[in-house]
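Numbered from 1 within each chain, the chains take letters A, B, ... in sequence-line order.
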Protein chains: 2
Amino acid sequence: MPVTIRDVARASGVHISTVSRTFSAPHLVNPETRVRVLACAEDLGYRPNRAARALITGRTHNIGLIIADIANPFFPPLIKAAESQARHRDYHVFVADTNEDAAAEEELVHALAKQVDGVLLCSPRMSNSLIEQLSREVPLVVVNRQLAGLPCVLMDVGQGARSAIEHLAGLGHREIALLGGPRGSWTSRELRRAAGVAARAAGAELTVLGPNPPTETGGLAQAEQVRRAGVTAVLAYNDLMAIGLLEGLDALGVRVPQEVSVVGVDDISLSRLTRPKLTTVATPTAAAGRTAVDMLLQQDTDFPRTGRGGGAGAAVGVRRTTAQVMLQTELVIRDSTGPGPYAGPERPGATAAGPGPHRRADPGGPRVAAGDVVAS
Amino acid sequence: MPVTIRDVARASGVHISTVSRTFSAPHLVNPETRVRVLACAEDLGYRPNRAARALITGRTHNIGLIIADIANPFFPPLIKAAESQARHRDYHVFVADTNEDAAAEEELVHALAKQVDGVLLCSPRMSNSLIEQLSREVPLVVVNRQLAGLPCVLMDVGQGARSAIEHLAGLGHREIALLGGPRGSWTSRELRRAAGVAARAAGAELTVLGPNPPTETGGLAQAEQVRRAGVTAVLAYNDLMAIGLLEGLDALGVRVPQEVSVVGVDDISLSRLTRPKLTTVATPTAAAGRTAVDMLLQQDTDFPRTGRGGGAGAAVGVRRTTAQVMLQTELVIRDSTGPGPYAGPERPGATAAGPGPHRRADPGGPRVAAGDVVAS
DNA sequence: GATCTCTCTGCAAACCTTTGCAGTGAAGTA
DNA sequence: TACTTCACTGCAAAGGTTTGCAGAGAGATC
């Protein structure tokens with residue numbers, strides 16, 4: 001039933017190799033023949049079988065996308081952008097969810113290896129050495145993890161943390177807490193390092209709380225600790241935790257931002273919808289997805305795998321690009337940060353922050369909801 | 001470089017067909033040989049090439065998942081569940097995003113058809129007849145659309161709408177608005193139909209506003225209309241629109257639920273995080289994903305495609321299961337609904353709703369945030 | 001001891017496509 | 001006219017796997 005190259009060849013009176021060439025090397029076939037073949041193919045609804053093609057060319061025109069948790073709102077924009085970019089380049093995308101499980105990641109890379117031209121590892125939980133090892137099996141691009149010798153797409157959360165701390169210090173906060181992320185997260189380490197430096201420079205003290213699961217629950221569970229720590233501002237590993245913290249503080253009767261200021265990281269769409277709206281370090285997730293796909297595909301055209309042609313040249317040494325891209329982040333100031341105990345005489349909210357990139361969001365809307373200000 | 005069945009055969013001193021059988025028909029090979037082959041395979045890190053296998057068996061062990069918009073928070077839980085279920089059954093999942101574009105849907109089905117054993121169409125925007133036609137090319141399961149002769153997974157939004165209207169009427173609302181979804185949405189039509197019937201039965205009047213884009217912006221844009229319509233309660237097509245409406249009403253100084261009650265549909269995770277927390281009709285998205293995958297795979301084992309074996313039996317008539325599954329919805333009462341102008345003497349919030357399934361959410365937490373109640 | 005049965009294994013074709021090589025005929029050159 | 005060049009096309013092998021068929025032994029039955 002499914003129409004093959006043979007059917008097209010029969011219908012247009014040529015050999016199958018001519019049909020093949022019509023699609024994969026059109027300049028080698030007579031224009032007249034070409035239009036005839038194309039017409040027949042169109043008529044019959046022929047589409048080349050990519051699996052059969054992959055068998056001989058060694059390129060599947062598929063890529064794999066391995067995600068720690070699809071339901072985490074950080075990832076969908078990345079997936080969407082990556083898929084879109086891949087499809088523009090005529091690639092299809094396998095998506096797999098690991099449930100934050102390192103073992104599942106490894107198994108998935110193995111399972112997918114033969115079926116794809118490369119794999120995107122997003123916020124992996126595996127060890128560096130394992131990733132290194134897997135990269136010998138299939139081309140890898142890593143998102144949100146720095147790894148010597150491998151192509152990586154990173155977001156400059158260090159700069160983001162600095163902006164956030166400077167923003168808070170500028171508002172008059174001197175006791176700041178950092179809600180750490182999951183153990184083994186590169187982002188969490190980086191955040192902690194940069195925030196530490198920035199706090200010291202601003203004459204503020206940084207208390208680290210964690211590690212924590214990178215979820216709403218993780219943030220909520222730390223509300224009590226935050227209050228007990230006596231800090232007036234908190235930088236959370238991500239928005240989800242920041243939002244959980246918002247909830248937890250609300251339940252404890254701690255007002256945000258009057259008593260405690262909260263800053264998140266990621267700028268997921270949700271963060272515009274909480275009350276108060278969340279001040280956060282925006283990470284360019286969509287750009288990261290696009291960039292990662294580009295790097296993967298570039299690597300693949302530079303150093304093709306298997307296939308009949310590449311056998312001799314590829315040789316033993318596994319060459320590859322190891323470009324590392326660092327994407328800019330940006331502090332988005334909304335309503336969850338306000339003046340602290342050491343605030344100057346400036347109008348609250350208009351306080352200048354440090355020199356980092358930041359912008360005030362949603363200038364048109366109602367900045368501070370009435371309900372938040374007069375709450376019990 | 002990549003290890004093939006031939007390498008394993010050589011290493012274990014048997015013919016490739018024996019290796020093949022070791023994996024695909026173990027009972028046909030001598031236990032001793034089997035363990036030897038398996039050991040060699042393990043040693044060499046052999047994994048059968050699924051593309052090559054697909055070429056001859058006609059089954060790819062892949063499925064396609066076509067999604068209107070991955071970034072819409074309704075879908076990720078569905079994707080996650082579907083992917084997980086598929087992988088349990090040893091299937092890999094292509095995910096593709098159509099940007100709500102019908103033409104992209106069609107193109108994707110064609111492009112994927114040869115590479116998958118079936119496709120899940122989630123909230124498709126195509127016409128029924130086109131879907132019908134495409135289903136002759138590749139097995140299809142449709143989610144969120146009822147289509148005679150095709151397997152469908154539906155959520156009982158009709159029941160949900162009824163529960164919501166009865167809940168609102170029970171609270172003393174008589175003037176209710178329905179914020180419609182996008183044109184051509186089965187869910188939207190169903191919602192409207194059921195809400196109309198329920199409103200009539202409850203002696204309430206229903207005003208339909210729309211169609212609207214199924215986004216936060218779509219809801220926000222209708223805030224003015226809602227106020228002008230003079231209704232005291234609104235049922236929105238989905239949570240995203242309800243949340244947008246919440247924002248819009250807040251900007252207009254209309255208090256929720258004191259002046260207007262709002263009910264959403266879907267129970268996306270976001271709806272627990274807004275202020276006030278959203279009352280909503282929970283749809284079982286994860287279950288829908290799992291069920292749809294099961295139906296697709298079931299259909300595929302019942303009526304296999306192509307392949308050497310099935311040629312004679314399959315014949316001309318395209319037989320298939322056409323099971324249609326309707327999943328239950330549930331009204332989740334949170335804080336965005338309150339007593340209306342015709343409320344009885346009951347304690348607000350404890351008002352009994354109609355006989356539909358519903359539950360009061362988050363019994364432990366602070367039910368109504370202080371800030372909401374005393375807001376300006 | 002001959003025959004049959006049964007279990008296991010090897011052989012080779014098939015799936016659909018790509019691609020190096022060789023062949024064909026026409027046009028161009030001497 | 002004879003020869004070369006060139007554009008196009010056909011042939012057949014290859015890629016990794018599955019599977020119907022047949023062959024090889026071993027054990028059982030008479």
Side-chain angles (χ1 to χ4, degrees), chain A residues 1-37 41 44-61 113-115 117 304-312, chain B residues 1-37 40-41 44-62 113-115 117 304-312:
Chain A
M1 193 63 183
V3 36
T4 79
I5 202 174
R6 229 168 293 271
D7 301 315
V8 179
R10 198 174 318 121
S12 47
V14 297
H15 193 262
I16 58 163
S17 51
T18 302
V19 178
S20 173
R21 275 188 278 257
T22 305
F23 287 97
S24 47
H27 61 281
L28 289 181
V29 22
N30 185 315
E32 289 178 34
T33 318
R34 198 192 311 159
V35 302
R36 188 155 38 95
V37 170
L44 299 173
Y46 169 73
R47 302 250 176 167
N49 181 325
R50 297 183 135 198
R53 177 181 284 181
L55 206 50
I56 186 163
T57 62
R59 357 203 55 229
T60 62
H61 266 242
K114 287 258 187 49
Q115 257 182 122
D117 295 339
R305 318 168 62 197
T306 65
R308 226 140 82 163
Chain B
M1 194 61 181
V3 35
T4 78
I5 202 175
R6 230 168 291 270
D7 301 317
V8 180
R10 199 174 317 123
S12 47
V14 297
H15 193 261
I16 59 163
S17 51
T18 302
V19 179
S20 171
R21 276 188 277 256
T22 304
F23 288 95
S24 47
H27 61 281
L28 288 182
V29 23
N30 186 317
E32 290 178 32
T33 320
R34 197 193 310 159
V35 303
R36 188 155 39 95
V37 169
C40 288
L44 299 172
Y46 169 73
R47 301 250 176 168
N49 182 325
R50 299 182 139 203
R53 177 180 285 180
L55 207 49
I56 186 163
T57 61
R59 355 202 57 229
T60 62
H61 266 244
N62 294 147
K114 287 259 188 47
Q115 258 183 121
D117 295 340
R305 317 167 62 197
T306 66
R308 226 139 83 164

Query raised in the report: Out of D:dT9, C:dC8, C:dT19, which has the shortest distance to the side chain of B:Thr33?
Result: C:dC8
Query - Those residues that, when tested against A:Thr18, pass side chain to side chain donor-acceptor pair (under 3.5 Å) (two or more places apart) - result: none
Query - Separation of C:dA12 P from B:Ile5 CD1 (nearest whole Å) - result: 17 Å
Query raised in the report: Going by number, which of residues 45-53 of chain A have a non-hydrogen atom under 4.0 Å from DNA chain D?
Result: A:Ala52
Query - Atom-to-atom span, CG of A:Leu28 to P of D:dA7 - whole angstrom - result: 10 Å
Report task. Kindly point out which of C:dC16, D:dG15, C:dA14 is positioned nearest to the side chain of A:Leu55? Result -> D:dG15
Query raised in the report: What integer distance in Å separates B:Arg6:CZ from D:dT18:P?
Result: 12 Å
Query raised in the report: Taking atom C1' of C:dC15 as reference, at what distance in whole Å does atom CD1 of B:Ile56 sit?
Result: 6 Å
Query raised in the report: At their closest point, which heavy atom of A:His15 faces which heavy atom of A:Ala9, and how far apart are they?
Result: C-CB, 4.0 Å
Query raised in the report: Given side chains that start at C-beta, do those of A:Asp117 and A:Arg59 come closer than 4.5 Å, heavy atoms only?
Result: yes
Query - Distance-minimising heavy-atom pair for B:Gly45 and B:Val3 - result: O-CG1, 3.8 Å
Requested in this report: Enter the distance from A:Tyr46:OH to B:Lys114:NZ here, rounded to the nearest 0.5 Å.
Outcome: 6.5 Å
Query raised in the report: Just wondering, do B:Ile16 and B:Arg6 contact through their side chains at under 4.5 Å, heavy atoms?
Result: yes
Query - Between C:dT17 (P) and A:His61 (NE2): distance, integer Å - result: 15 Å
Query - Length of the CG-P vector between B:Asp7 and D:dG15, whole Å - result: 12 Å
Report summary line: Partner of B:Val14 under side-chain contact (heavy atoms from CB on, under 4.5 Å), picked from B:Val19, B:Val29, B:Thr22, is B:Val19
Requested in this report: Can you figure out which of D:dT9, D:dT18, C:dT9 approaches the side chain of B:Asn30 most closely?
Outcome: C:dT9
Report summary line: CG (A:Asn30) and CZ (A:Arg21) are apart, to the nearest 0.5 Å, by 12.5 Å
Query raised in the report: Can you find a heavy atom in the side chain of B:Leu55 that is under 4.5 Å from one in the side chain of A:Asn49?
Result: yes
Requested in this report: Provide, to the nearest angstrom, the distance between the CD atom belonging to B:Glu32 and the P atom belonging to C:dC8.
Outcome: 10 Å
Report summary line: Residues in residues 8-27 of chain B with a heavy atom under 4.0 Å of DNA chain C, by number, are B:Val14, B:His15, B:Ser17, B:Thr18, B:Arg21
Requested in this report: Round to the nearest Å and state the distance from B:Arg59 atom CZ to D:dT18 atom C1'.
Outcome: 14 Å
